[in-house]
Number of protein chains: 2
Amino acid sequence: MDAKAAPKVRATLEDVAQEAQVSLATADRAVNKRPGVRAATVAKVNEAVRRLGYRPDPSAAKLARARLRRVAFLLPAGANRFVGLLSEQIQANAEWMHDQRIHADVLAVNVFNPVELAKALLAQVGQRDAVVVMALDHPVVRSAIDQLTQAGTVVITLVSDVPSSTRQHYVGINNTAAGRTAATLIGRFVGRHPAKVAIILGSLSLRDHAERYFGFNQVMAQEHPHLTVLPPLEGQDDAARNEALTTQLFALHPDLAAIYSVGAGNGGISTALCSLGRAQDTVFVGHELTPAARADLLNGTMDAVINQDAGHEIRSALRLALAQWSQEPVIADQERIRIDIYLKDNLP
Amino acid sequence: MDAKAAPKVRATLEDVAQEAQVSLATADRAVNKRPGVRAATVAKVNEAVRRLGYRPDPSAAKLARARLRRVAFLLPAGANRFVGLLSEQIQANAEWMHDQRIHADVLAVNVFNPVELAKALLAQVGQRDAVVVMALDHPVVRSAIDQLTQAGTVVITLVSDVPSSTRQHYVGINNTAAGRTAATLIGRFVGRHPAKVAIILGSLSLRDHAERYFGFNQVMAQEHPHLTVLPPLEGQDDAARNEALTTQLFALHPDLAAIYSVGAGNGGISTALCSLGRAQDTVFVGHELTPAARADLLNGTMDAVINQDAGHEIRSALRLALAQWSQEPVIADQERIRIDIYLKDNLP
DNA sequence: CTGTTAGCGCATTCAT
DNA sequence: ATGAATGCGCTAACAG
């Protein structure tokens, strides 16, 4: 037998160091982009990494790491139920985070005020290894995000994106596609006769709402021309306002056949539908599977709920951050946030 | 910087050993249920674990483990496309598995023959730390599963369950609920006029098919009494047979409004629908988002696809095995396999 | 049955 | 700018 060809399963940093003729510590510095290494040395190490196909062992890295990585979740204050689900999921993953050497804080911010949001973001500079933020797309916010990434913090947008910023990832659904999905559901549920469809949203200045509205109209216009989409109503994601809007809606259009609720505050719409005795015969499609939405699905008030899985989003954001920090492998397929459709029959 | 007060993070096995007045090795033996420890000692250690709230560190455990855990996936030979997706996903997770100290083999078995399946299962005794199997529910198979678990192998059923066996977990959807979902989709897509609905399945002796059929009928009978469900047709999951069945179906029932395909071989149904010129006006709902199904959704031949995420199932099975071996934490929420509904608009 | 000991692969001092 | 040495928490081989 030859002493040489030990079928080494996987190269270690030690191997890389040897191959590059440097010490373990230097190899580590180079691989993890730590300061204090000559460019020439870094190149040598990278070459060795390439030759040996080195990939760090996540278990070993976590075991050796002293410091926890600090991440901040910036979520809307004054919370609707979906945001509540997100916080719950952060809690639910606490043990796992600990195993991954992650420490997370949840900060409540008035995300509707760009200046405040930007201030909150900037306050994280130098304090966090990653910031996960449900952001408003606004120049001030974008600039704050850019400063954060510049400072070396990984920034991940959640649920609503800020595409022109330098955030490393967006974790959430394709909202245009979600709007299209809602349109197809309503179109097919209403049937082929002419009818009116109403649309209630939080605000057209929210990127996710605007995109859903856009997608919805696309499909309605192209595929269900017999349906008339009424002008959008803005309820600020507020249940009381939505209830009033819904009541007015039926006063003006007694023959209304369907409602698409783009944002939060669906409870108000349900309440109005019930008081008017129109809960069963109005097609009602909304977003986010909150406990109330689940109940409305079961009692027939809602006909379908389009959901994005809060737990999945939290874990995905964190896994992407880990990958960014330590070049852990990303399973692309796993990080795609699906547009879930729930009927009363396939509730989880 | 808040570099203050690093609190005592977490109890280690070392702490447990000290608390229980035993050595590290003994504590390890007790915690990992290895043989050769007096019951009294085990009790002492467990008590210490409880008092300190000890939980093993997965990273440290993986780093120290020399041997890879061996798992076998037993999948149907002569593969339909969905099974192909499962194998692909096993490949796609290879790096991750390696990081988790898992080695997996895929074995193709004739799962439709209980005796052969049982033999394949028994061949794994003593060879595997876990076996993940897409099984037929049959007494011989059940017995083989029981012998495997008796021998200390973790057994996980995939896609189709064997509930009366001692398998540790079932990873897959609730098939009754899936059938109900299909019924609601068809019921609402067809509309309120009387019509005929056909159902094509692989075989009623397959547990998952039978359960879907059951759920479908439940909802049809209770909620869509104006729809007539024709007797089920068995096509053995074979495209050619399904094509023939579909053609016959329309010969007998020219007014057929919808088809629910419970199993595989949807390509045959599509082909028949197209040749007959009935692709657009027949509501067609089936299972599993294969490339062909995706295409049929986009061209309007299929109206909805009910899916279970193959990648999610593979990862879930593996995570559950890890949890079983090393008491890693399970995020229950994450392991629930969802009944995905895909329309042309929310395709991933 | 129980204890002692030597790593696993990497992050992190502390030297040089 | 680089290297040597230490130890994270656990598994496993070896002693008693």
Side-chain angles (χ1 to χ4, degrees), chain A residues 6 8-45 48-49 52-69 98-102 129 322 325-328, chain B residues 3 6 8-45 48-49 52-69 98-101 129 322 325-328:
Chain A
K8 187 91 182 163
V9 182
R10 184 166 162 171
T12 73
L13 231 206
E14 193 76 61
D15 300 330
V16 171
Q18 198 154 24
E19 177 84 8
Q21 322 241 44
V22 298
S23 72
L24 174 60
T26 297
D28 172 75
R29 290 183 184 104
V31 166
N32 293 305
K33 307 186 202 323
R34 280 186 254 277
V37 189
R38 262 185 317 174
T41 311
V42 172
K44 270 201 309 186
V45 173
V49 165
L52 301 181
Y54 170 74
R55 195 167 58 75
D57 181 330
S59 294
K62 271 160 202 137
L63 180 56
R65 168 167 293 109
R67 209 183 110 254
L68 296 182
R69 327 212 82 139
H98 192 180
D99 290 341
Q100 305 299 315
R101 303 299 188 268
I102 291 175
D129 298 291
L322 279 170
W325 293 325
S326 321
Q327 37 194 301
E328 292 188 24
Chain B
K8 171 67 180 171
V9 190
R10 185 167 162 171
T12 72
L13 230 207
E14 193 76 63
D15 300 330
V16 170
Q18 195 155 25
E19 177 84 7
Q21 323 241 43
V22 297
S23 73
L24 174 60
T26 298
D28 170 71
R29 291 183 184 104
V31 165
N32 292 305
K33 308 187 201 323
R34 280 188 254 276
V37 190
R38 261 187 314 171
T41 312
V42 172
K44 269 200 311 189
V45 174
V49 165
L52 300 181
Y54 169 75
R55 195 166 59 75
D57 182 329
S59 295
K62 273 164 200 132
L63 180 56
R65 167 166 299 108
R67 214 183 101 251
L68 296 182
R69 325 212 83 139
H98 192 182
D99 290 341
Q100 305 299 316
R101 304 297 188 270
D129 298 291
L322 279 170
W325 293 324
S326 323
Q327 38 195 300
E328 290 187 27

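The structure displayed is predicted, hence computed values, not measured ones. Numbered from 1 within each chain, the chains take letters A, B, ... in sequence-line order.
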Note to self: Rounded to whole Å, please give me the gap between CZ in A:R67 and P in C:dT12.
What the structure shows: 7 Å
Interface polar pairs with nucleotides 2-5 of chain C, N/O, under 3.5 angstrom:
residue, atom, partner, partner atom, Å
C:dT2, OP1, B:R38, NE, 3.0
C:dT2, OP1, B:R38, NH2, 2.8
C:dT2, OP1, B:T41, OG1, 2.6
C:dT2, OP2, B:R38, N, 3.0
C:dT2, OP2, B:T41, OG1, 3.3
C:dT2, O4, B:R29, NH2, 3.4
C:dG3, OP2, B:S23, N, 2.8
C:dG3, OP2, B:S23, OG, 3.2
C:dG3, OP2, B:T26, OG1, 2.9
C:dG3, N7, B:R29, NH1, 3.2
C:dG3, O6, B:R29, NH2, 2.3

Next item on the list: Mind running side-chain contact (heavy atoms from CB on, under 4.5 Å) on B:V42 and B:V45 for me, showing each step along the way?
Entry: CA-CA 5 Å; B:V42 172; B:V45 174; 5.8 Å; no
Margin query: In this structure, how many angstroms lie between the C1' atom of C:dC8 and the NZ atom of A:K62, rounded?
Written below: 16 Å
Notebook entry, point to check: Measuring from A:L68:CG to A:Q100:CD, what's the distance to the nearest 0.5 Å?
Noted result: 11.5 Å
Margin query: For a 4.5 angstrom cut-off between non-hydrogen side-chain atoms, does A:E328 reach A:K62?
Written below: yes
Next item on the list: Would you classify A:D57 as touching base, sugar-phosphate or nothing, given that sugar-phosphate means primed atoms plus P, OP1 and OP2, and contacts are heavy atoms under 4.0 Å?
Entry: sugar-phosphate
Next item on the list: May I ask you to test the A:D129-A:R67 pair for a side-chain heavy-atom distance under 4.5 Å?
Entry: yes
Margin query: One pair to check against side-chain contact (heavy atoms from CB on, under 4.5 Å): B:L13 and B:D28. What are the steps and the verdict?
Written below: CA-CA 7 Å; B:L13 230 207; B:D28 170 71; 3.7 Å; yes
Notebook entry, point to check: Heavy atoms under 4.0 Å, any strand shown: does A:R34 hit a base, just sugar-phosphate, or nothing?
Noted result: sugar-phosphate
Note to self: Can you measure B:D99 atom CG to C:dG9 atom C1' for me and round it to whole angstrom units?
What the structure shows: 12 Å
Next item on the list: With heavy atoms under 4.0 Å as the rule, sort A:L13 into base, sugar-phosphate or nothing.
Entry: sugar-phosphate
Notebook entry, point to check: Do A:K44 and A:V16 touch side chain to side chain, with heavy atoms closer than 4.5 Å?
Noted result: no
Item checked: A:Q327/A:R55 under side-chain contact (heavy atoms from CB on, under 4.5 Å): CA gap, chis, key distance, verdict -> CA-CA 8 Å; A:Q327 37 194 301; A:R55 195 167 58 75; 5.9 Å; no
Notebook entry, point to check: Are the charged groups of B:R101 and A:D57 less than 4.0 angstrom apart, N to O?
Noted result: yes
Checklist line | Boundaries of the DNA chain D segment in contact with chain B, non-hydrogen, under 4.0 Å | finding: D:dG9 to D:dC14
Check: Between A:R55 (CZ) and C:dG9 (P), how many Å, whole number?
Finding: 13 Å
Note to self: Rounded at 0.5 Å granularity, tell me how far CZ in A:R38 sits from OG1 in A:T26.
What the structure shows: 10.0 Å
Note to self: Nearest whole Å is fine: how far is C:dG9 P from B:R65 CZ?
What the structure shows: 14 Å
